[in-house]
A.B. asks: 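To start, I am sharing the structure in question, which I have written as structure tokens.
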2 protein chains.
Amino acid sequence: MNFHEGKERFIQAWGALGSNWGVNRTMAQIHALLLIAPESLCAEDIMEELKISRGNANMNLRALMDWNLVYKELKPGERREFFVAEKDMWEVVKNIIIQRKKKELEPMLRVLDELSDVETGEPGAEEFIRLIKDVKLFASKADSTLDSLTKSDSNWFVGTFMKMIK
Amino acid sequence: MNFHEGKERFIQAWGALGSNWGVNRTMAQIHALLLIAPESLCAEDIMEELKISRGNANMNLRALMDWNLVYKELKPGERREFFVAEKDMWEVVKNIIIQRKKKELEPMLRVLDELSDVETGEPGAEEFIRLIKDVKLFASKADSTLDSLTKSDSNWFVGTFMKMIK
DNA sequence: TTTTATTTTCAGTAAGTTTTGAAAGAATAA
DNA sequence: TTATTCTTTCAAAACTTACTGAAAATAAAA
């Protein structure tokens with residue numbers, strides 16, 4: 001595969017994969033485009049490259065900035081805003097974990113907390129409380145594991161010394 | 001909160017949370033309903049309780065069976081099929097991890113494999129290859145970590161001896 | 001100040017996903 | 001065999017989410 005095809009394929013694939021990752025197509029495509037861009041890009045560049053509207057570009061760029069996956073870059077003498085992607089993959093992975101945990105795990109823990117004080121007594125209530133406790137055990141463990149992960153060094157996770165020799 | 005409210009809240013909350021978990025509302029609600037049901041339920045029971053159509057019930061029950069979260073139970077002398085949920089939470093968690101990995105991680109690894117042989121030489125190609133390698137490093141590590149997790153014992157993960165004293 | 005360049009917002013529309021319900025299919029009973 | 005009961009399928013409808021494009025807001029330049 002040649003370089004140009006590769007880049008094109010990466011953007012398309014990232015967009016398609018994004019939908020399976022709780023990220024919309026366009027947000028994932030913009031992220032991919034910025035990841036492979038050698039220079040920062042402005043809104044216009046992105047609109048043109050991905051054939052999307054200004055509104056769409058703007059909304060998804062802001063979402064990417066909320067996730068700390070993309071930063072604004074202000075060029076001296078330029079009125080327009082330029083955008084760069086966070087290139088450190090461990091930062092990217094950590095931020096994605098943080099956001100997904102917020103969306104997928106934390107609301108669940110809140111519900112389980114509410115449910116853990118149902119009245120005992122009625123037939124079946126004991127089993128119900130047991131179930132909630134079991135679910136909570138796993139959810140809390142997942143929560144604390146992901147917390148440590150996002151606070152750890154990339155080498156601990158991947159078991160390499162990549163960064164040091166870069 | 002009383003027992004009845006608790007059950008109702010659990011079903012509703014599970015449905016809402018499901019959408020953030022890549023599972024549709026109804027599939028998650030049926031799962032919740034079966035998890036708290038003391039006896040196996042038939043399609044009719046589920047349709048009535050959740051106020052959904054027969055087609056919807058049928059499709060989502062099949063999806064739950066594909067995920068190994070629900071089993072058919074055939075009662076002697078009964079023509080209808082009955083359904084029970086897998087009640088062992090570790091089994092539930094493992095199966096959900098397996099399915100989500102299949103949907104979210106494995107397609108990504110396939111794309112990265114394809115992309116890892118782009119031609120070198122053109123300006124920027126080196127950086128692109130470096131990026132793909134970095135992403136692959138994390139994706140592969142996540143893949144192997146989740147693989148071990150789904151093959152491990154629940155005690156190893158949650159650090160309790162829950163099962164033994166049950 | 002007014003003009004011009006750029007970003008942001010949001011109502012309307014388009015695209016994608018889930019649900020319904022009726023018809024077809026399958027299995028058992030009569 | 002035919003009738004009965006239950007399951008499965010799938011086209012159309014309902015719902016949900018994402019995108020567009022034009023208008024409003026903002027900010028720099030003249």
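Values reported hereafter were calculated over all heavy atoms of this structure, with side chains retained and with hydrogens, waters and symmetry mates removed. Quick caveat: nothing in here was measured; it's all calculated off a predicted structure.
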A.B. asks: Is B:Arg79 touching bases, backbone alone, or none of the nucleic acid, heavy atoms closer than 4.0 Å?
C.D. replies: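 Here B:Arg79 touches the bases of the nucleic acid.
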A.B. asks: How would you label the contact of B:Glu81 with the nucleic acid (heavy atoms, under 4.0 Å): base, sugar-phosphate, or nothing?
C.D. replies: sugar-phosphate
A.B. asks: With respect to the phosphate group of D:dC19, does any side-chain polar atom (N or O) of A:Thr26 fall under 4.0 Å of OP1 or OP2?
C.D. replies: yes
A.B. asks: How about B:Glu48: does its CD atom have over 12 heavy atoms from other parts shown lying under 6.0 Å from it?
C.D. replies: no
A.B. asks: Ion pair present between A:Glu44 and A:Arg80, side-chain N to carboxylate O less than 4.0 angstrom?
C.D. replies: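 No, A:Glu44 and A:Arg80 are not salt-bridged.
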A.B. asks: Could you tell me whether B:Glu104 and B:Arg100 have a side-chain N and a carboxylate O separated by less than 4.0 Å?
C.D. replies: yes
A.B. asks: Nearest to the side chain of B:Lys72 - D:dT8, C:dT20, C:dT8?
C.D. replies: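 Looking only at heavy atoms from C-beta outward on B:Lys72, the closest nucleotide is D:dT8.
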A.B. asks: Does a side-chain N or O from B:Asn24 land closer than 4.0 Å to OP1 or OP2 of D:dT16, or not?
C.D. replies: no
A.B. asks: Angle between the two end axes of the helix from C:dT1-D:dA30 to C:dA30-D:dT1, five base pairs per end, rounded to 10 degrees?
C.D. replies: 0°
A.B. asks: Can you sort out the partners of B:Phe3 under ring pair (Phe, Tyr, Trp, His ring centres under 6.0 Å), two or more places apart, ordered by chain and number?
C.D. replies: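 For B:Phe3, the residues satisfying ring pair (Phe, Tyr, Trp, His ring centres under 6.0 Å) (neighbours in sequence not counted) are A:Phe128.
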A.B. asks: Could you tell me whether the phosphate oxygens of D:dT9, OP1 or OP2, come under 4.0 Å of any side-chain nitrogen or oxygen in B:Arg62?
C.D. replies: yes
A.B. asks: Less than 4.0 angstrom between a side-chain N/O of A:Arg54 and OP1 or OP2 of C:dT9, yes or no?
C.D. replies: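 Indeed not, no polar side-chain atom of A:Arg54 lies that close.
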A.B. asks: Base, sugar-phosphate alone, or nothing: which one does B:Asn58 contact when heavy atoms must sit under 4.0 Å apart?
C.D. replies: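 Touches a base.
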A.B. asks: Taking the side chain of B:Ala43 as heavy atoms from C-beta outward, which of D:dT7, C:dT20, C:dT28 is closest to it?
C.D. replies: D:dT7
A.B. asks: Which nucleotide, D:dC6, C:dT9, C:dT19, lies nearest any side-chain atom of A:Met59?
C.D. replies: C:dT9
A.B. asks: Please indicate whether A:Lys75 has more than 12 foreign heavy atoms, meaning atoms of other residues, nucleotides or ligands, lying under 6.0 Å from its NZ.
C.D. replies: yes
A.B. asks: Report yes or no: do A:Gln12 and A:Gln29 form a side-chain donor-acceptor pair below 3.5 Å?
C.D. replies: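 Short answer, yes.
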A.B. asks: So how far is it from B:Arg62 CZ to B:Lys72 NZ, rounded to the nearest 0.5 Å?
C.D. replies: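 The NZ atom of B:Lys72 is 9.0 Å from CZ of B:Arg62, to the nearest 0.5 Å.
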A.B. asks: Quick check: on DNA chain D, is the nucleotide nearest B:Cys42 upstream (toward 5') of the one nearest B:Asn56, or the reverse? Name the residue that is more 5'.
C.D. replies: B:Cys42
